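Fair warning: this is a prediction, and the values are worked out from it, not measured in the lab. Letters go in sequence order (proteins before strands), and every chain restarts at 1.
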Amino acid sequence: MEDVEALKHPRSKALETLVERGFVEQVSDAAAIDQALAEGMVTFYIGYDPTAPSLHVGNLVCIMAMRLLQRCGHRPIVLLGSGTARVGDPSGRSDTRKMLDEQTIDAQVQKISEHFGHFLQMGTGAPNDAVVVDNQSWLGELRYIEFLREIGVHFTVNRMIATKTYRERLDQELPLSFIEFNYQLFQAYDFLHLYRHHGCTMQLGGSDQWGNMISGVELIRRIGGGDHGPAYCLTFPLLTTADGRKMGKTQRGAIWLHAEQLSPFDYFQYWVSCDDADVRKLLLTFTDLPKDEIEELCRAEGAALRDVKRRLAYETTRMAHGEEAAHNAQQAAAQAFGGGDDWSAVPAVGVPADPIKLVDLVTHDAVRAFPSKRAARQRIESGAVRIDGEPRTDPNEELHPEEFPAEGLRLQAGKRCRFRVVIG
RNA sequence: CCGUGGGAAGCCCAGAGGUAGGGCAGCGGACUGUAAAUCCGCGGUGCUUGCACGUGCAGGUUCGACUCCUGCCCCACGGACCA
């Protein structure tokens, strides 16, 4: 009851903002969290296991939550889990993760860590600057017997197998390897470590992390020493689009936050072509715009919503890629979808040709407008492809470099894929 | 380890010797607003565009195999062992 009250009328700006922007799914002790956030700077952390080569939109909810709390004066710790990535989190998975080799993990950590600076304030000398830590530095030197004696004694297997992640595996009689069974202990230990060494009292994460997070809270209650008061955790809802799908996956692949994997232009396009029904939620979650302003913007109806989507796309692109890239992407989108002949701002992709067939052009690695040549032929024949505004329906048409100007040709493939292609 | 049933395109399922069919998702077109809805089309892959390869993997029988046979892998259920 107290929880409900604290969530409805939070005293802290931080919790109030999290709640009204839809970041809160479940909290360990809402009233206490609210009080802690109202009283002063809280140090909190979110862990990322470097199991993918880059961050993508699916990771962005957590990043935005950190950003938001930091702007309310609290201090984020980004925990890169290159130690826990060596173990493999079974949460939400029906099978064991593929074991990643050490080089892959280290390379991914390097790449991912660079990117948090785009979203979080770091290195300014302020007390709430974000810090990045890597749990390999403490997990890597653990000694097994000592770990079992200090940490393992506080976990009962009875309790562990009751948690959702493990229970699902056991109920379905799917294999649960011992290494995975250890994962929860390591994540709990991470929290304890950060509590002891960084005064970290709150862990945030996706809703699938609840079990792991609450086990850390309990571990701290038992042996944390209480120097920094009790520990808490808070989970975010899994964000889905209006048609019930996970954010950040499209036909052409994941929406990466790194420019080498997805151009700022394509990133911008992802946001601008979202469903009307998602605009408000996306603005609340992925931009810094004040809630009042968002409500005002979302009063737009019909075609006027396009402008709101452009704003959404601009804000999100600015955050991930910077002001200049966002500006360029916006200009490029205006050119590519504005009906004019000038596509100079649209990023050019180079395709070798001497000459090249239309079907090979649209399926070339740099373009990949269609998933296979077979599909490309069918789409071309049904009128999906235009060059410089003219429909081209012959997949075998040969395109000669000398027919096109040096600045490239304007390629439309389907309704949303548009490229400036320089062939030759 | 034994027995039974089953693996088919992103997902669900029909086909039980005659050359892979339906539903959903998806994609494309029209209409629009780079949205939704609706209508129409596509519906595994490759390429030399009418041909080749495609029903877990590898063989075999057959004019012809998703279908029958052998071996292997994986999944579900039941049993044995651990007890």
Practice prompt. Please determine, for the side chain of A/Val272, which listed nucleotide (B/U34, B/G29, B/G33) has the closest atom?
Written response: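 Comparing B/U34, B/G29, B/G33 against the side chain of A/Val272, the answer is B/U34.
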Worksheet item: Among B/G33, B/U48, B/G28, which nucleotide sits nearest the side chain of A/Ser382?
Response: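 Per side-chain heavy atoms of A/Ser382, the pick is B/G28.
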Discussion item. On RNA chain B, does the nearest nucleotide to A/Asn396 precede the nearest nucleotide to A/Leu305 from the 5' side, or the other way round? Give the residue.
Written reply: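 That would be A/Leu305.
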Practice prompt. Please figure out whether A/Ala384 or A/Lys357 has its closest RNA chain B nucleotide nearer the 5' end.
Written response: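 On the 5' side of the pair lies A/Ala384.
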Can you check the [X] [atom1] to [N] [atom2] distance for me, whole Å?
{"X": "A/Glu381", "N": "B/G41", "atom1": "CD", "atom2": "P", "value": "17 Å"}
{"X": "A/Arg386", "N": "B/G28", "atom1": "CZ", "atom2": "P", "value": "14 Å"}
{"X": "A/Tyr270", "N": "B/A35", "atom1": "OH", "atom2": "P", "value": "14 Å"}
{"X": "A/Asp275", "N": "B/U32", "atom1": "CG", "atom2": "P", "value": "20 Å"}
{"X": "A/Asp276", "N": "B/G33", "atom1": "CG", "atom2": "P", "value": "12 Å"}
{"X": "A/Ile380", "N": "B/C27", "atom1": "CD1", "atom2": "P", "value": "18 Å"}
{"X": "A/Leu411", "N": "B/U34", "atom1": "CG", "atom2": "P", "value": "18 Å"}
{"X": "A/Leu282", "N": "B/A35", "atom1": "CG", "atom2": "P", "value": "15 Å"}

Worksheet item: Do any of residues 312-333 of chain A sit with a heavy atom less than 4.0 Å from RNA chain B, and if so which?
Response: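 The answer is A/Ala333.
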Worksheet entry | Near-strand residues of residues 367-376 of chain A, defined as heavy-atom separation under 4.0 angstrom from RNA chain B |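 Within this stretch, A/Ser372, A/Lys373, A/Arg374 sit under 4.0 Å of the strand.
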Gap in Å between the two [atom1] atoms, one belonging to [N] and one to [M], rounded:
{"N": "B/G28", "M": "B/C75", "atom1": "C1'", "result": "37 Å"}
{"N": "B/U67", "M": "B/A14", "atom1": "C1'", "result": "13 Å"}
{"N": "B/U4", "M": "B/A52", "atom1": "P", "result": "39 Å"}
{"N": "B/U55", "M": "B/G44", "atom1": "P", "result": "14 Å"}
{"N": "B/C66", "M": "B/C72", "atom1": "P", "result": "22 Å"}
{"N": "B/U61", "M": "B/G10", "atom1": "C1'", "result": "35 Å"}
{"N": "B/G54", "M": "B/A8", "atom1": "C1'", "result": "11 Å"}
{"N": "B/A20", "M": "B/U32", "atom1": "P", "result": "41 Å"}

I'd like to check the salt bridge (charged side-chain N to carboxylate O under 4.0 Å, His left out) partners of [X]; sequence neighbours left out, ordered by chain and number.
{"X": "A/Arg418", "result": "none"}
{"X": "A/Glu397", "result": "A/Arg392"}
{"X": "A/Lys291", "result": "A/Glu295"}
{"X": "A/Asp354", "result": "none"}

Discussion item. Strictly below 4.0 Å: does A/Arg379 bring a side-chain N or O up to OP1 or OP2 of B/G43?
Written reply: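 Checking B/G43 against A/Arg379, no side-chain N or O comes under 4.0 Å of OP1 or OP2.
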Discussion item. If the cut-off is 4.0 Å, is A/Arg306 near the phosphate of B/U34, judged by side-chain N/O to OP1 or OP2?
Written reply: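 Answer is yes, contact under 4.0 Å.
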Worksheet item: Just the dot-bracket of RNA chain B, please: which string comes out with Watson-Crick or G-U pairs under 3.5 Å, [ ] for crossing, | for another strand?
Response: (((((((..((((....[..)))).(((((.......))))).((((..))))..(((((..]....))))))))))))....
Discussion item. Students often get this wrong, so: under 4.0 angstrom with heavy atoms, is A/Gln269 touching a base, only sugar-phosphate, or nothing?
Written reply: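 Touches a base.
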Can you list every pair that meets ring-ring contact (aromatic ring centres under 6.0 Å, His included) and has a residue in [range], with sequence neighbours left out?
{"range": "residues 390-424 of chain A", "answer": "none"}
{"range": "residues 273-332 of chain A", "answer": "A/Tyr267-A/His321, A/Trp271-A/Phe286"}
{"range": "residues 345-396 of chain A", "answer": "none"}

Worksheet item: Are the side chains of A/Leu358 and A/Ile387 in touch, meaning some heavy atoms are under 4.5 Å apart?
Response: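 They are in side-chain contact.
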Discussion item. Between A/Gln136 and A/Val109, is there a side-chain heavy-atom distance shorter than 4.5 Å?
Written reply: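 Answer no - side chains too far apart.
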Discussion item. Using O4'-C1'-N9-C4 for purines and O4'-C1'-N1-C2 for pyrimidines, with syn meaning within 90° of 0, is B/A25 syn or anti?
Written reply: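 Anti conformation here, the glycosidic angle of B/A25 being more than 90° from 0.
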Discussion item. Using 0.5 Å steps for rounding, measure from the CG atom of A/Leu297 to the CZ atom of A/Arg311.
Written reply: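 Separation between the atoms: 6.0 Å.
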Discussion item. Is it the case that the side chains of A/Asp266 and A/Ser263 hold a donor-acceptor pair, with the cut-off being a distance below 3.5 Å and no angle test?
Written reply: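 Yes, side-chain donor-acceptor contact under 3.5 Å.
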Per-pair distances, 0.1 Å, donor-acceptor, side chain in residues 56-73 of chain A, under 3.5 Å, sequence neighbours excluded:
residue: A/His56; atom: ND1; partner: A/Gly58; partner atom: N; Å: 3.1
residue: A/Asn59; atom: OD1; partner: A/His56; partner atom: N; Å: 2.9
residue: A/Arg67; atom: NE; partner: A/Asp288; partner atom: OD1; Å: 2.9
residue: A/Arg67; atom: NE; partner: A/Asp288; partner atom: OD2; Å: 3.0
residue: A/Arg67; atom: NH1; partner: A/Phe119; partner atom: O; Å: 3.0
residue: A/Arg67; atom: NH2; partner: A/Asp288; partner atom: OD2; Å: 2.3
residue: A/Gln70; atom: OE1; partner: A/Gln121; partner atom: N; Å: 2.8
residue: A/Gln70; atom: NE2; partner: A/Gln121; partner atom: O; Å: 2.9
residue: A/Gln70; atom: NE2; partner: A/Asn128; partner atom: O; Å: 2.9

Worksheet item: Applying side-chain hydrogen bond (donor to acceptor under 3.5 Å, both in side chains), which residue pairs with at least one partner in residues 210-222 of chain A are found, sequence neighbours left out?
Response: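 Qualifying pairs, neighbours excluded: A/Ser91-A/Asn212, A/Arg159-A/Glu218, A/Gln187-A/Asn212, A/Gln209-A/Asn212.
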